[in-house]
Amino acid sequence: MEVVIASSPVDAGIGCWDLHSGAEQLRYRSCTSTPHGLACVGQRFLVSSQLRDSSSSSGTILYWSWNKPQVEVKSFPAEPIHPLISNSDGTYIIGGGSSGAIYFWEVASGRLLKRWHAHYRAATCLFLSDDESLLVSGAEDGCIRVWSLFMVFDDIGMEMAKHPYEYSFSEHTLRVTDVVSGYGGCNAIIVSASEDRTCKVWSLSRGKLLRSIDFPSIIDAVALDPGEHVFYAGARDGKIYIAALNAESTPSNIYGKHIIGSLSDNSKGVTCLAFSMDGILLVSGSEDGTIRVWDAKTRNIVRIFRLAKGPINNVLVVRRPLYSNFQTSANSHASLSRRHVPLLPPPLSKYVNSTDEIVDSGAITVPQTPSSDIMDAPYLSSHVLTKQISELQQQSSAATGMEVDRLKLDCKRSLEMVQKWKEMFADLHKFCVDELLGNDQTQTQ
Amino acid sequence: MARSKPSSSKKQPKRGVDFKKIKRKIGRKLPPPKNATNTEIKSKAIILPEQSVASERAGLAVSKKGLTLKELLQQTSHHNAKVRRDALTGIRDLVLKYPAELTLHKLAIIEKLRERISDEDKVVRETLYQLLKLVIFPALKKDVPGSLISLMMAYIFNGMTHLATDIRLMAFKFFDLVVQHYPSSFFMYAEKVLQNYEDILRKNHIYLQDRSKLKNALVGLVRCLSLLPCNRRTVDPSYGKNTETQGSLHAYELEVPKEHTDFSSIIKRLEDILPILVNCFQDFIPLVHPMSSLDAQSFDCMLYLLRSIDLSVKFFLYGIDKHQTDFGVTKPTYNEKDMPVWGEIATPVFLRKFLEVFPLNQLHNTSGKDEDKFFILNIEITEIFLHSNEWIFTSAILMERFLEFIENLLSGKIRFNSRSGKALQEKHLTSLLPFIPRLVSLVANTWKSRLLQAFTMAFKDCKPESTLNLAFLSAIEEMLLPSKRQGILLLDASEPEILDHQITWIRELPVLLVRLGDTLSSLSKVILHLLLRLGQYAPMNSSLAWEYDIMQHTLGEFYSMCLDDGSILYGPFMKLPKDCQELSVCCLYYFSSLDSLLLRSLVYCCLCDNLEPSVLFRIIDVLHSAYKIGHLQLVDLISFFVTLVARWKVLPGRLYTHVENAKKISNRETFKAITGAVCSCLRQMGDDALIFQIVQRVILDEIPLNPPIDNLCGMLRLLVILDSRPTKLSEQSIIILSNSISEYLIDAASYIPENGDEVTDSNQISICQYYLVPCFFLFDRSDKLLNLVLDLMGSSIGEDNSSLACNHDTQHTLDLSSRIVAVVSILLYMHQDIKIRRRLSSCKGEITRILQKMRLQSSNEMGNTLEERHKIQFSFDRLKIAAGQLNCWDADELKIISLFE
């Protein structure tokens, strides 16, 4: 089931609608999300970072499972987290802090694997490239940085390199509001929007600015067309501008160079955009609390959902597993067992743990997919590996012992041989000498 | 002859007289025979179909001596030197006179002229040089003929290996000329040319005894070497890169890398040349003797030698850098085995030896001129030292000497004596300044502070219009901010002394900006960029960020200043180009708490007519964003917005359709857009009720100042957008508002179309709606306001003209009849609106009173002309009908009214 989920900075909960039928699903309560602060972790549960008044130093991240409206798990990271994303498997959660640091958690254990200083000002948006090897982060100081996740965990490599990031783009003069990346891993393009009223297109392979497009208003959200012909830019004046990526645009545009059109519904500012899985429906969230579903091809509104009076700042389109079925059938026996085994992983930890603890647990913890509930125990490959290694070591020691014995035997045998040969030589020598002497003696005689 | 005569005379008598002998005299012309045909042709002119090219030259391009190009070219290979020279000058004349000849026959000309490159005669060569330099190359500049160059090069190389020294040297000069005009040709022949240079320099004792000759050769070498790529430490950071040229994003790039990639041969040659150059230079050292003064020729030679050394060192460095960056970022940087190619092993030894000579005699005081010369040489050596610093391990003593020199240079202890010295000094300082940041970060602490001290002093003393400023600014940027490439801070800001210097620089920036004015917008842009970067990158809560915040006090002057007498002095902001304005506006975003004083000076700028609307909208955007991240107080922002709406000057103008008023239309449209932008900002701020309270308070302060109708309309719109139904306006504010609204409505009534039935200008209707709609919203939300307003309108009709005379406001000078008409048209307009009609029906008392007043006025004969009375009567009737439609009059009241009739 493909659902639209949306959240708001005022407490209106997380709304959830079936994209194709329009039926509203469960509404998850008590959520005041930050911009870009809503994510779905591997289709298993929802996670959102919370807005908090500046008085408290720590931030809040909440978990909701699909079938319960209440908050299930609360975590309190060391500082307020603004943007939050998860990789597609739901193994990791990455969050950007208000100090400019980026946090990297493992979901299954809740461990904070890494925290690094990424920006000089608060991070505003994060994006993972489609192969999930590169992380793109934008910040309030207008800086966009591209991180290789391999490098981030390679401490030695980090020290050797001139800078920890792959690229740092600082052409934006004001806050970066959104960043998206196209297909193609390290060869993709990224599109960034900023409060300086421009969107900029960058090349990840060459690390340079390809195009800068001026808009009539501030762009708060960007969505890339799946074919990467155009991108959609949600502006504060309520329009969604369509900007060309490929073609040379005709000069007679009313909005400006490279902008080929707009979607408009006389709404207040557009704050967030998302594409449906099939790439046809474009979902936009607006300041006026409504979520509009557009057909990107015909440019018409297909559906309107209403979340709250207040603004919306996050819209996601995710695939939700069909729980309703599962719930009714398995309710009787599963509810009991679930009470013992918590469905959701433990809260995220505040600090990077000491190293000895890491050694203890496995290297990678694969998350449970909802379908494979049977496999309750996580598969810890490293244990098996260490066991094998130790076995191998033991085996090898036994083998060498045998070898030594065999060699000793060999040695002994050869020594005996040597002895034998020596004796033979001595006999021969004696015989020869005797022979010679005997001859002499006979001659002399 | 004498003998033949008698024989003939002997013969004659023998013969009979058969034929009569005709005796003729020799030399006498025969008379024509009688039957002869007259072959004589007589004509006035002979017209031939074509002329011979060779002989006739009347229509041809000829030189002063009447020779054609072909003849001249032939003469260039004449055995007589004088003829050859004359031919060359002839070609020169000819080409100057007929430039077309050159382009037509360039190949032929060059082909012939090149033979003269190794001419034995000095004068001929010199003439050829001048000819090529002044005439031929400049004329052929447009179409670079590669074949021409290769034609010449063959002979030039020939000349370079000629036995005669003069010819050799001249060949270098010719090559220099070619390179001057076609720089790319150097790379094609670099290896060969450098080898020739090497040869000639190696034997300089033999060939180059004459300093001027050596100098000539060196000039060419310097020019060639300066073409080599090096790490350009550009003083002006390339901020505004042009990216608009990119057509499509995913297209394959057709451009091939422009850089010449095969440098290995050049490197090898340079490696050979460098020691020779150093040797050459050391030969000159004895000249720098205390007693003898340095002659100009040797000085020039030394200078050029140093330049060539400098350039080749730079080239090596470039190679090393390139080598490193080629292999990605992860590679460990200093791995010596990887790059023996770039001449690292051989050169340092020579250089170290060479640098030992460094302080070229400072001890004795020679004449001023000489001191300058040594000074220049020293600077050159220092430059080489700084370039090579990165890969040569120098001894501490030498380092000290250099550092001391640099310090003295910065602090101005060493000065030029000559008059042109000032410019020269600036030029040399600009070349040294880019090294300062790196130097400071590397040297020991005592030197660090000394250098910084000198640097700061020099920066402070620098005049705003000086070209040095750019170099200073880029050095400062490097020392203040984490570098772009490496992302690490060069200087440790935690040391108090360094921090002191940094603070001094930061404080100096806004002052410099204000002093610059709009004279050098490029420099202003660089400063603004630096400020922006500082705001972006200064670590949070550090002293640098603190210093950045403090800066806004001085920055206010940059925008505008309110003088004591109330007039406003606009700062450089207003006059700078748009990109600078936008940059400076962006800087505002990064102040952690925006000062209200700065906001005030900003609002003065916004209210100025000259400010472009797009910049104004940008300011609104940025301030709103700053508020969102908590850099700006809510009250400050709202008062900024309200002031903007209340004071912005809308040019008066009613006739919208006229062409000459196009500007006025745009002006009003701009104001509408401003109001719209402010409204959307206010709505996004959050708690409407709270914001409404603040906005209401600020607006009520503004309203008594009697703002123009447009501004009032804008303010009413702000209120309406934030208000809800029923109104949140307080009692007191309703009273104040009703006062101004009643007058506002009467003014706005003039925009109401005369006759509702007629199809009037749609433009006018929209304007009318624009003015009236906010009032209607207010009326709809508050009955009390409507009552009060109607009351006031009624009383304004009733008042005497005389009592109004004292009030000089424009609103009141409307004469009574038109006021009545206005009131009626407003009421009728309100009547058309269904919502308001419902409201109106509840205030019949007020309407009755108005009707009564009108009745009174129409009957009042004094002071009213007949026409006016008719007008009033007409309006009265219209209103009465409308009132009747309201269905609210009972029989008694209607009777009262009809009684008046």
> Can you run down the ring-ring contact (aromatic ring centres under 6.0 Å, His included) pairs that involve residues 179-200 of chain A, sequence neighbours left out, and say none if there aren't any?
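Listed once each, the pairs would be none.
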> At a 4.5 Å cut-off on heavy atoms, which part of H172(A) comes close to chain B: side chain, backbone, both, or neither?
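For H172(A), the contact with chain B is made by the backbone alone.
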> Between F617(B) and R197(A), what is the shortest heavy-atom contact and its length?
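Closest pair (atom of F617(B), atom of R197(A), distance): CB-NH2, 3.8 Å.
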> Does any backbone or side-chain atom of S680(B) lie under 4.5 Å from a heavy atom of chain A? Answer side chain, backbone, both or neither.
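For S680(B), there is no contact with chain A at all, as no heavy atom is under 4.5 Å.
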> What part of T124(A) gets closer than 4.5 Å to chain B, counting heavy atoms only: side chain, backbone, both or neither?
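It is neither, since no heavy atom gets under 4.5 Å.
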> With sequence neighbours left out, what residues match R683(B) under salt bridge (Lys or Arg N to Asp or Glu O under 4.0 Å)?
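R683(B) satisfies salt bridge (Lys or Arg N to Asp or Glu O under 4.0 Å) with no other residue.
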> To check you understand the geometry: which heavy-atom pair defines the closest contact between Y537(B) and C143(A), and what is its length?
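Of all heavy-atom pairs spanning Y537(B) and C143(A), the closest is OH-SG, 4.4 Å.
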> Could you tell me the separation between the OG atom of S625(B) and the CZ atom of R236(A), rounded to the nearest 0.5 Å?
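It comes to 5.0 Å.
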> Do you know the tightest heavy-atom contact between Q536(B) and D141(A)?
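Closest pair (atom of Q536(B), atom of D141(A), distance): NE2-O, 2.6 Å.
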> Spell out, as yes or no, whether a donor-acceptor pair under 3.5 Å connects the side chain of E195(A) to the backbone of V622(B).
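No; zero donor-acceptor contacts below 3.5 Å.
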> Just by modelled atom types, is the A626(B) backbone N or O under 3.5 Å from a matching donor or acceptor in the R175(A) side chain?
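No: the side chain of R175(A) does not pair with the backbone of A626(B).
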> Find the one option among L583(B), V585(B), D621(B) whose heavy-atom pairs under 4.5 Å with chain A are most numerous.
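Of the options given, most contacts go to D621(B).
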> Let's test your reading of the structure: which of D154(A), V10(A), T173(A) forms the most heavy-atom pairs below 4.5 Å with chain B?
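Sorted descending by pairs with chain B, the first entry is T173(A).
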> What part of D196(A) lies closer than 4.5 angstrom to a heavy atom of chain B: side chain, backbone, both or neither?
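For D196(A), heavy atoms of backbone and side chain both lie under 4.5 Å from chain B.
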> More than 12 non-hydrogen atoms from neighbouring residues, nucleotides or ligands closer than 6.0 Å to CD on E547(B), yes or no?
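Yes, CD of E547(B) has more than 12 neighbouring heavy atoms, counting only those of other groups under 6.0 Å.
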